[in-house]
Chemist: 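Before anything else, here's the structure in question.
Residue numbers begin at 1 in each chain, while the letters A, B, ... track the order of the sequences. As a basis for the values below, the full set of heavy atoms in this structure was taken, side chains included, without hydrogen atoms, waters or symmetry mates. Just so you know, these numbers come straight off a predicted model, no measurement behind them.
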Amino acid sequence: MRKTIFTFALLLGATAAEAQLPGLRRRSPAPPQQQQRPVLQGIDAQRAEFAAQSGGTTVYFGAENVGLSVAARTVLSAQANWLRRHPEVVVRVEGYGDGGDTRDHALAVGARRAEEARSYLVLLGVPAAQVSATTWGKERPGLGRAVTVLIR
Amino acid sequence: MKRTILSLALLGFGSAAVAQQQPGQPAATVIAVPPLTSPNGGNQGNEMLAVGWQVTQQIETDLRQTAEVMPLQPNRDDYYSYPEVTAPSFSKWRAKGAKALVTGFVQARQDGRLTVGCYVYDLDKGRELARKGFAIGPKDWRRAAHKCSGLAYTAITGAPGMFDTMIAYVAESGVGDGRTRRIAVMDSDGYNHRYVTAGDAMVLTPRIAPKATQLAYVSFAGGRPNIHLIDLGSNQDRPLLPNDVMSFAPRFSPDGTKIAFSMMTGTNSDIYVANSAGGAPQRLTTAPGVDTDPSFSPDGSRIVFESDRGGSQQLYVMNADGTGQRRISFGGGWYGSPVWSPDGEWIAFTRRSQDGRRIGIVKPDGTGERVLTNGPGDEGPAWAASSREILFQRAGANGAAGLARVALDGSGARPVTIPQGGSDPDWSGVVD
């Protein structure tokens with residue numbers, strides 16, 4: 001599992017808009033053969049395709065804000081299109097709060113952002129069972145005011 | 001300070017010792033702690049005196065941690081005989097500047113256990129304030145000392161002592177996203193430190209049940225925040241709710257039978273209450289937005305919580321059934337993580353502004369707000385059983401979290417020593 005996630009992070013690093021995914025960068029370095037092999041299979045390939053065809057996996061929010069911007073809706077629409085074509089793929093929306101906030105308020109804000117993005121995906125026709133939501137609050141501070149949509 | 005004198009006067013003891021203080025002088029009541037004696041003779045008597053000396057030194061250590069009581073350094077030359085436990089020389093200790101005195105004894109019992117007796121005196125009035133006797137295991141002298149310290153502290157201040165109490169917190173090792181977080185518990189003096197979760201999942205906000213029988217916390221073991229309960233005797237762990245819903249910010253009711261918490265329903269975080277034994281939760285708030293961090297009043301009749309329903313994060317008080325919700329914080333900035341004091345007088349909070357987070361207190365009716373710490377990375381207050389001190393999380397210069405404590409009397413915050421980094425502290429009531 002750890003290896004899989006790391007591969008995903010590397011891949012996103014290669015796509016322009018996704019240079020930062022600190023929440024997914026794990027302790028152990030990637031095995032060297034992973035970096036030399038361009039052909040991805042299984043969940044890694046799915047993640048790469050999802051990120052490429054949706055314009056990214058990360059959706060950003062304004063300060064103290066849980067509403068979806070136009071840019072956020074654009075990304076989520078593309079994600080919804082892809083997810084409708086891949087009903088076998090299950091995703092989790094992970095929400096992040098603000099680093100300066102208190103612990104539980106940040107958890108709640110991250111959860112609201114994740115649920116906001118999740119319900120927009122469902123509104124666009126993604127089956128509710130295909131997408132779940134969670135929050136990291138301020139515990140993984142790298143992303144700031146955002147949600148990531150992660151294939152599980 | 002005015003409140004201290006009032007409560008002492010009501011209780012009818014110790015008032016003389018405190019009332020003589022002048023402005024500008026230290027507020028602490030000086031107390032003499034000569035070594036405990038023993039009625040036993042011979043080798044056994046020597047053993048008991050050795051235990052008594054350990055107890056005496058621990059009492060001194062306990063009382064020195066407080067802002068209100070200042071112990072004189074115990075001296076082995078101040079040995080007294082067993083009859084003098086109940087007939088001490090008041091003039092001797094008055095001459096050394098003490099206002100109060102602790103005497104006591106350690107006695108070997110037939111069953112191998114020890115009887116410890118403690119007596120507290122008002123030296124100015126020359127009379128006994130309190131006494132307590134109890135049997136302990138031969139190795140439990142630290143516990144005996146905590147009981148004597150609590151007896152003296154309560155006799156002098158009128159407030160419960162916090163010596164025989166437990167602290168829980170999130171122990172953090174490593175840095176950044178890869179750091180390991182485990183729930184740790186320890187006696188309030190730092191002894192008996194142990195970890196109660198394994199460190200394989202992220203954990204947050206341990207909250208100790210009354211009497212410290214169990215502990216509620218938030219586990220990310222399933223990838224989402226879920227409230228769990230750990231039995232501190234057996235270490236058995238179970239989720240509070242049957243379904244995998246996002247739930248967090250648990251707090252026990254004062255009688256331990258209920259837990260208030262927040263739970264996500266769609267994009268809405270609301271306050272719920274459930275029996276700690278299990279069962280369907282009851283919803284207490286319905287406002288759109290974030291309602292979280294509920295904390296019961298000590299009589300269980302009201303709940304303080306935070307909400308951003310008015311546009312920014314503020315403190316609200318409601319009845320325990322959810323009725324009568326009203327805002328109590330109006331000082332500017334954002335307010336969070338409210339906790340009701342054990343004596344019911346204050347609500348501690350984290351106040352957030354552009355230049356950081358600080359710990360403060362306010363009356364439950366919204367008056368008398370005071371900020372107690374300088375920040376900039378303070379949060380998560382937890383009350384001492386005495387209601388005169390607050391334990392909280394303080395981010396160090398390098399960003400690593402640690403624990404600190406601050407007294408309500410205006411003296412500065414002091415760091416609390418723990419074996420590694422720590423966050424989210426909680427402080428139990430008196431364990432007995």
Side-chain angles (χ1 to χ4, degrees), chain A residues 1-2 5-6 9 20-29 61 63-68 90 92-120 122-123 128 132-143 147 150 152, chain B residues 170 174 176-181 202 204-205 218 220 222-226 244 246-250 261-270 288-294 305-308 311-313 334-338 349-357 376-377 379-380 393 399 423-424:
Chain A
M1 188 60 200
R2 186 182 296 171
I5 291 175
F6 190 82
Q20 287 289 312
L21 263 187
L24 301 174
R25 212 177 287 135
R26 304 301 287 204
R27 283 146 273 181
S28 59
F61 292 78
E64 286 287 314
N65 189 352
V66 295
L68 295 171
V90 176
R92 173 165 281 174
V93 185
E94 303 191 337
Y96 298 83
D98 303 346
D101 212 338
T102 47
R103 174 111 39 234
D104 292 327
H105 192 257
L107 273 184
V109 168
R112 288 195 73 189
R113 287 171 174 160
E115 290 285 5
E116 198 75 47
R118 176 181 178 274
S119 43
Y120 193 66
V122 172
L123 183 74
S132 63
T134 190
T135 175
W136 292 110
K138 63 174 183 177
E139 311 312 318
R140 293 186 174 181
L143 276 182
V147 301
L150 180 65
R152 302 174 67 206
Chain B
V170 175
D177 296 345
R179 67 190 188 271
T180 303
R181 297 198 242 202
M202 189 169 92
L204 299 173
T205 58
V218 171
F220 282 74
R224 320 174 83 193
N226 289 147
D244 177 23
M246 283 192 269
S247 59
F248 48 96
F261 58 97
S262 49
M263 186 164 84
M264 294 302 296
T265 320
T267 60
N268 202 4
S269 160
D270 280 311
V290 174
D291 293 342
T292 188
D293 279 348
F305 64 102
E306 60 162 87
S307 176
D308 62 3
S312 69
Q313 190 187 354
W334 301 269
Y335 292 76
S337 60
F349 56 78
T350 307
R351 182 171 166 183
R352 189 161 66 87
S353 60
Q354 299 298 346
D355 56 348
R357 298 186 301 266
E379 74 173 284
Q393 172 188 332
S423 56
D424 289 354

Chemist: Chain A: which of B:Pro376, B:Gly380, B:Gly289 shares the most heavy-atom pairs with it under 4.5 Å?
Modeler: B:Gly289
Chemist: List the residues meeting side chain to side chain donor-acceptor pair (under 3.5 Å) with B:Thr267, not counting sequence neighbours, and say none if there are none.
Modeler: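 Once residues adjacent in sequence are excluded, B:Thr267 has no partner under the side chain to side chain donor-acceptor pair (under 3.5 Å) criterion.
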Chemist: Which answer fits B:Thr292, side chain, backbone, both or neither, if we ask what part of it has an atom under 4.5 Å from a heavy atom of chain A?
Modeler: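 Side chain only.
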Chemist: Heavy atoms only: give me the nearest B:Val290-A:Ala108 pair and the separation to one decimal.
Modeler: CG1-CB, 3.4 Å
Chemist: Please report the interatomic distance CZ(A:Arg112) to CE(B:Met246), rounded to the nearest 0.5 Å.
Modeler: 12.0 Å
Chemist: Can you list the residues that meet the side-chain contact (heavy atoms from CB on, under 4.5 Å) rule with A:Ser132, with sequence neighbours excluded?
Modeler: A:Arg92, A:Arg152
Chemist: Among B:Gly336, B:Gly377, B:Ser262, B:Gly223, who wins on heavy-atom pairs under 4.5 Å with chain A?
Modeler: B:Gly223
Chemist: How many angstroms lie between atom OG1 of B:Thr265 and atom CD of A:Glu115, to the nearest 0.5 angstrom?
Modeler: 9.0 Å
Chemist: With side chain to side chain donor-acceptor pair (under 3.5 Å) as the test, pick out the partner of A:Thr102 among B:Glu379, B:Arg357, B:Gln313.
Modeler: B:Gln313
Chemist: So how far is it from B:Leu204 CG to A:Glu139 CD, rounded to the nearest 0.5 Å?
Modeler: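 Rounded to the nearest 0.5 Å, the CG-CD separation comes to 4.5 Å.
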Chemist: Output yes when a side-chain donor or acceptor of B:Arg224 lies under 3.5 Å from a complementary backbone atom of A:Ala133, and no otherwise.
Modeler: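 Judged by distance alone, yes, a pair lies under 3.5 Å.
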Chemist: What closest approach, in Å, do B:Pro225 and A:Thr135 show between heavy atoms, and which atom pair accounts for it?
Modeler: CG-CG2, 3.6 Å
Chemist: Just verifying a value: how many Å separate B:Asp308 CG and A:His105 NE2, rounded to the nearest 0.5 Å?
Modeler: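 So the CG of B:Asp308 and the NE2 of A:His105 are separated by 4.5 Å.
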Chemist: Please identify, among B:Asp293, B:Thr350, B:Val218, the residue contributing the most non-hydrogen atom pairs under 4.5 Å to chain A.
Modeler: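 Ranked by heavy-atom pairs under 4.5 Å with chain A, first place is B:Asp293.
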Chemist: Given the options B:Ser337, B:Gly266, B:Ser423, which has more heavy-atom pairs under 4.5 Å with chain A than any of the others?
Modeler: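 The candidate making the most pairs under 4.5 Å is B:Gly266.
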Chemist: Looking only at non-hydrogen atoms, find the nearest pair between A:Gly100 and B:Arg352 and report the distance.
Modeler: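 Heavy atoms of A:Gly100 and B:Arg352 come nearest at O-CD, 2.9 Å.
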Chemist: Of all heavy-atom pairs between A:Leu107 and B:Phe220, which one has the smallest distance, and what is that distance?
Modeler: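 In terms of heavy atoms, the two residues are closest at CD2-CZ, 3.8 Å.
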Chemist: Do the non-hydrogen side-chain atoms of B:Phe248 and A:Arg103 ever get within less than 4.5 Å of each other?
Modeler: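 Answer no - side chains too far apart.
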